[in-house]
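For reference, the structure is listed below as structure tokens.
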Amino acid sequence: MKKGKLAIAVCLAVLLSGCGREVQLPVDPAKDKPIVVGFSQVGAESEWRVANTESVKAALSEENGYDLIFEDARQEQENQIRAIRTFIQQDVDYIVFSPKVTTGWKTVLQEAREAGIPVIMIDRDIEEQDRGLVTAFVGSDFRNEGEKAVRWLESLLEMQGRESDPVRIVHIQGTMGSAAQIGRTAALEQAVQQHANWEMAAQECGDFTRAKAYEVMTAILKQTKDIDVVYCENDGEALGAIDAMEEAGLKCSAADGVIVISFDATKLALQYCLEGKIGLDVECNPLQGPYIDEIIRQLERGEPIEQVKYIEETQFDCFTITREMIDSRNY
Ligand code: GZL
């Protein structure tokens, strides 16, 4: 039960009993009532997204005291907005959502605010001017992820004595307008500007899916095979791009072929890293469920919360990854 409703119940009990004598506080049915949470998820476009959904469902389970209402937006922002409005009509206790893109959320978040429903945003971020409308954010710093990838590439090229050689880069972007795409793209574009010998040979959207990345990489390979680096904004795209390159007879290898860079660090992609086909995989941690559970518990207890939580993330490369590292992963 929301704190406000409980407070009103207590006041009414005292008033109805007359002059504040010892009263039997109403049994708080909220104590054993489940916490109702509406969760609007972007879709199921990648292994990462599936792991993210499973993490939230496992943490906000019936056994843990929740009634979770899950809505899959199937990659459509309007489906997310519709779901959030439905959650408001259902008067849920909390709303959780991963915003597909950074824009277009102000109105519906204001509606949730006016309804007194706290919104917890996970994974991707929204425009800075609208961030004050969410109670908490748990996710990743995508620009930092991209900068990790750029630093690794700079080190690799220096180690190979290629720091002054021409470097032709194919860039397969994620869902355009998503915080993950914006951050990972910004890091690479800044690096291309800073390195006179780096050239953006092609830049296409792979929409975070293996199929779309295969399609756009196949089309790029019809134009050129003079490629040194393929920078894919998630693992699904990396696998699709590798499929296309191998079909075209190119070798994917950070040692002596096309250097493939990816993000997410899902198990299947780390297997490609172990085989040397992916040079670097920057982790993007989808296991955000426990963080949401902790935030809700803190809010239920009236405790202060950490409003912005960037989850710890690491990276893996083909030179140091081991089978044991992969086997120890949760997704
Ligand atoms: C990143 C997340 C991205 C993943 C993709 O936090 O939003 O969306 O990198 C997923 O795999 O589709």
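When a ligand or atom number is given, it counts from 1 through the structure's own listing order. Everything quoted here is computed from the prediction, not taken from an experiment.
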Could you establish whether Arg184 and ligand 1 come within less than 4.0 Å of each other, counting only heavy atoms on the residue side?
-> yes
Please list, in number order, the atoms of ligand 1 under 4.0 Å from a heavy atom of [X].
X      : result
Glu45  : 8 (O), 10 (C), 12 (O)
Phe142 : 1 (C), 6 (O)
Cys284 : 1 (C), 6 (O)
Asn234 : 5 (C), 9 (O), 11 (O)

Nearest non-hydrogen protein atom, atom 3 (C) of ligand 1 = Arg124 NH2, 3.8 Å
If you scan protein heavy atoms around atom 2 (C) of ligand 1, the nearest is Asp123 OD1, 3.3 Å
Is any N or O atom of Ser140, backbone or side chain, closer than 3.5 Å to an N or O atom of ligand 1?
-> no
Counting both backbone and side chain atoms, is some N or O of Ser46 under 3.5 Å from an N or O of ligand 1?
-> yes
Tyr291/Phe137 under ring pair (Phe, Tyr, Trp, His ring centres under 6.0 Å): CA gap, chis, key distance, verdict = CA-CA 10 Å; Tyr291 294 92; Phe137 168 67; over 10 Å; no
Salt bridge flag under 4.0 Å for residues Glu300 and Arg297 | no
So does Lys212 pair up with Glu45, basic N to acidic O under 4.0 Å?
-> no
Candidate with minimal heavy-atom separation from atom 5 (C) of ligand 1, of Asp125, Asp264, Thr266 = Asp264
May I ask you to check whether Tyr272 and Asp281 show a side-chain donor-acceptor distance below 3.5 Å?
-> no
Between the side chains of Glu189 and Thr185, is a donor N or O closer than 3.5 angstrom to an acceptor N or O?
-> no
Would you say the side-chain atoms of Gln80 pair up with the backbone N or O of Trp105, donor to acceptor, closer than 3.5 Å?
-> no
Has the side chain of Asp235 got a donor or acceptor atom that lies under 3.5 Å from a matching backbone atom of Thr266?
-> yes
